[in-house]
Amino acid sequence: MKPALAKGTRDFSPTEMERRNYIFNTIKSVFAAYGYREIQTPAFENLQTLTGKYGDEGDRLIFKLLNSGDYLAKTPQALLDEKASLKLIPHISEKALRYDLTVPFARYVVMHQHEITLPFKRFQIQPVWRADRPQKGRYREFYQCDADVVGSESLLNEAEFTLIYHEALSKLGLKDYTIKLNNRKILTGIAEVLGKPELIVDMTVAIDKLDKIGLDGVNRELLDRGFSTVDLEKLQPIILLQGTTLEKIAQLKTILQASETGLKGVDELETVLGYIEKLTGDTSLLDRFVALDITLARGLNYYTGCIFEVKTNEVSMGSIGGGGRYDDLTGMFGLNGLSGVGISFGADRIYDVLEELALFPESTGQSTRVLISNFDKLAELYALPLLQKLRRAGIATELYPAAAKLKKQLAYADAKNIPYVILIGESEMQEGVFSLKDMATGTQQQLREPALLAALTT
RNA sequence: GUGGGUAUAGCUCAGUUGGUUAGAGCACUAGAUUGUGGUUCUAGGGGUCGUCGGUUCGAGCCCGAUUAUCCACCCCA
């Protein structure tokens, strides 16, 4: 058979792994600086843990694992006759690959509530799987880098997440990106002011598409979803909110006067912005990278407060990060009254962006520093003690594993970007020296062992 | 789930209105150079032209189906 990758998956070769680890390590270091500690959870969970958390569309995209054994034996015949795929799922599948890191984290918190101290700040970098149609920047297996805190209602967390986004993305070399902020309570308030709180989901889904389908498109969709032309008139100034963040906030306060929830949302937003300004010492971060975007809704239905989304403005790519506050995520698992807030970096999309912008540092990984040539068995034996001495000195060294033409060995060093080659031939062995070749300059010098070690450790 | 594009060497792709034995670059192997890489030169290996069927004297090229893949929508990192 012809080998092929499963749709939407990728291999990661050595250079790619070095670059991916560079991204992970950069993000990790920022998470750590803000007090987040790492955990991991299993690749698959009980299907019941995951279903119902991401909406109907999300449930459809969860990769389900078929039960082992004779999984059809105990399924009701009626469902089989009906070919009712959806109803059959709980009978033939009890496990599923995790769809994100937030829900497994919520499960983790509930199960470990007696051993963690609140507020609990954790980060988690692991792959997630979605049975989506792949396209640019969209994979079926991809890594999320999540940081969440549970057990703290302080809006300082939201402010810090904004700084975390900024620090990590700046460290990675990105110059122009927007951290969009919104608050679910503001959206709720808008729906309340219109007198149609029950249509909040329809409203957010529609106005979320403003930059894609334009105002007319949004209006058409709103009408389809049950809003009247009177509602549209009231909505227009809200959707088209203009001006600086401060001006937008002032306008929202007027518009949302009649909605207690809406005003609470605005107040929260102001508090977060205030914290950011205090943390950074000025408004430059706010002015350059943070934007209040009232059309930002995000699909996940568990968000209740602040909502984040990060977009790069340098290349065309979907969001490279997102997150928000969820007041009662652990409630689904029986632990009520625990508020959480978190963010996620889309590492694979960030990789694609850095690649497109050629922002990866030239050397993202530690590869072999020294190759010892191998001319014949005698030279090979002669080289072995040196090989281990160099390794013990912390110099990544390898011995070419077979006697081969020097041309081939040097080509190997060249292909692997090994900066030094040690040549051991008859004359070197007789004189008790080693020839050290610098691959970049092509120069060569004969050194005794102490000098050789000294030359390589500088 | 909906719509569009593409499918030719390991990779990226040419291939004229349908006409002899299907090409290039890169990569690989060998030689020029038996102990000196990256540059150069020479030679070499490598193809059921995604698959099945149709039209035709003749199909890589036209038509149909099918599969894969990419892009867009939905949704999302």
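Chain naming here is simple, since letters A, B, ... match the order of the sequence lines and numbering starts at 1 in each. Values reported hereafter were calculated over all heavy atoms of this structure, with side chains retained and with hydrogens, waters and symmetry mates removed.
Using a 4.0 Å heavy-atom cutoff across all strands shown, A:Gly425 reaches at least one base atom of the nucleic acid. The residue A:Leu423 sits close to a base: some heavy atom pair falls under 4.0 Å. A:Ala411 comes within 4.0 angstrom of the backbone, heavy atoms only, and of no base. Within the nucleic acid shown, A:Gly137 comes within 4.0 Å of at least one base atom, counting heavy atoms only. In this structure, A:Ser373 reaches neither bases nor backbone, as no heavy-atom distance under 4.0 Å exists between it and the strands shown. As judged by a 4.0 angstrom heavy-atom cut-off over every strand, A:Asp132 is placed among the base-contacting residues. Within the 4.0 angstrom heavy-atom criterion, only backbone atoms of the sugar-phosphate kind lie near A:Ile320; the bases stay farther away. Nucleic acid contact class of A:Val353 (heavy atoms, under 4.0 Å, all strands): none. Across all strands shown, A:Glu428 has heavy atoms under 4.0 Å from base atoms, whether or not it also approaches the sugar-phosphate. Among the atoms of the strands shown, base atoms are found under 4.0 Å from some heavy atom of A:Ala440.
Geometrically, A:Arg20 engages A:Phe12 in a cation-pi contact, judged by NZ or CZ lying under 6.0 Å from the ring centre and within 45° of the ring axis. A cation-pi arrangement is absent between A:Arg130 and A:Phe142 under the rule of less than 6.0 angstrom and at most 45 degrees off the ring axis.
With a 3.5 Å ceiling on both atom-pair distances, B:G47 lacks any Watson-Crick or G-U wobble partner. In a base pair of the Watson-Crick type (N1 to N3 plus N6-O4 or O6-N4) or a G-U wobble (N1-O2 and O6-N3), with each distance short of 3.5 Å, B:U12 is matched with B:A24. If you check B:A7 for Watson-Crick or wobble pairing at under 3.5 angstrom, you find it paired to B:U67. Nucleotide B:U2 has B:A72 as its partner under the Watson-Crick or G-U criteria, with both atom distances under 3.5 Å. Across all strands shown, B:C57 pairs with B:G19; the Watson-Crick or G-U wobble distances both stay below 3.5 Å.
Look at the P atom in both B:U6 and B:G50: the space between them is 13 Å, to the nearest Å. Comparing the C1' positions of B:G37 and B:G10 gives a spacing of 23 Å, expressed to the nearest Å. Across the P atoms, B:G58 and B:U66 are found 26 Å apart, a figure rounded to whole Å. Only the P atoms considered, B:C71 is 14 Å distant from B:U12, to the nearest whole Å. Distance check on atom P: B:G18 versus B:C13 gives 25 Å, rounded to whole Å. Comparing the P positions of B:U8 and B:A14 gives an interatomic distance of 10 Å, to the nearest angstrom. For B:G38 and B:C28, the P atoms lie 10 Å apart once the distance is rounded to whole Å. Rounded to whole Å, the P atom of B:U34 lies 30 Å from the corresponding atom of B:A24.
Mapped onto RNA chain B by nearest heavy atom, A:Pro134 and A:Phe345 fall at different nucleotides, with A:Pro134 at the one closer to the 5' end. A residue-by-residue look at A:Phe142 and A:Ile418 shows that A:Ile418 has its nearest nucleotide of RNA chain B further toward the 5' end.
Rounded to an integer number of Å, the gap from CG of A:Leu371 to P of B:U36 is 16 Å. Look at NZ on A:Lys7: it is 7 Å from P on B:C70, rounded to the nearest Å. The CG atom of A:Leu296 sits 11 Å away from the P atom of B:C76 (whole-angstrom rounding). The CZ-P distance, from A:Arg140 to B:A77, rounds to 17 Å in whole Å. Across the protein-nucleic acid pair, A:Ile424 atom CD1 and B:U36 atom C1' stand 15 Å apart, rounded to whole Å. Atoms CE (A:Met439) and C1' (B:U39) sit 14 Å apart, rounded to a whole Å. Distance NZ (A:Lys136) to P (B:C73): 12 Å, rounded to an integer number of Å. Following rounding to the nearest Å, A:Tyr139 (OH) and B:U69 (P) show an atom-to-atom distance of 15 Å.
A close approach under 4.0 Å does occur between a side-chain nitrogen or oxygen of A:Lys405 and OP1 or OP2 of B:G31. Not one side-chain nitrogen or oxygen of A:Lys407 sits closer than 4.0 Å to the OP1 or OP2 atom of B:U33. Remark: A:Lys209 is not in phosphate contact with B:C73, judged by side-chain N or O atoms under 4.0 Å from OP1 or OP2. Look at A:Gln135 and you'll find a side-chain N or O under 4.0 angstrom from OP1 or OP2 of B:A72.
You won't find any donor-acceptor pair under 3.5 Å spanning the side chain of A:Arg133 and the base of B:U69, going by distance alone. Judged by distance alone with a 3.5 Å cut-off, no donor-acceptor contact links the side chain of A:Gln409 to the base of B:G35. Remark: the A:Asp414 side chain and the B:G37 base include a donor-acceptor N/O pair separated by less than 3.5 Å.
In this structure a side-chain-to-backbone donor-acceptor pair under 3.5 Å is missing from A:Asn183 to A:Leu269. Under a 3.5 Å cut-off, the side chain of A:Ser344 and the backbone N or O of A:Gly323 do not form any donor-acceptor pair.
For A:Arg138, the side-chain atoms get nearest to B:C74 when compared with the rest of B:A30, B:U36, B:C74. Distance from the side chain of A:Val205 is smallest to B:C75 among B:G35, B:C75, B:C76.
Under 4.0 Å is where a charged nitrogen must lie from a carboxylate oxygen, and between A:Glu38 and A:Arg122 no such pair does.
Taking the six-membered ring for Trp and the full ring otherwise, A:Phe375 and A:Tyr400 have centroids separated by 6.0 Å or more. Between A:Tyr36 and A:Phe123, the ring center distance fails the sub-6.0 Å criterion. A ring-centre distance under 6.0 Å is not found for A:Tyr34 and A:Phe161.
Relative orientation of the A:His166 and A:Phe289 rings is tilted, given thresholds of 30° and 60° on the angle between their planes.
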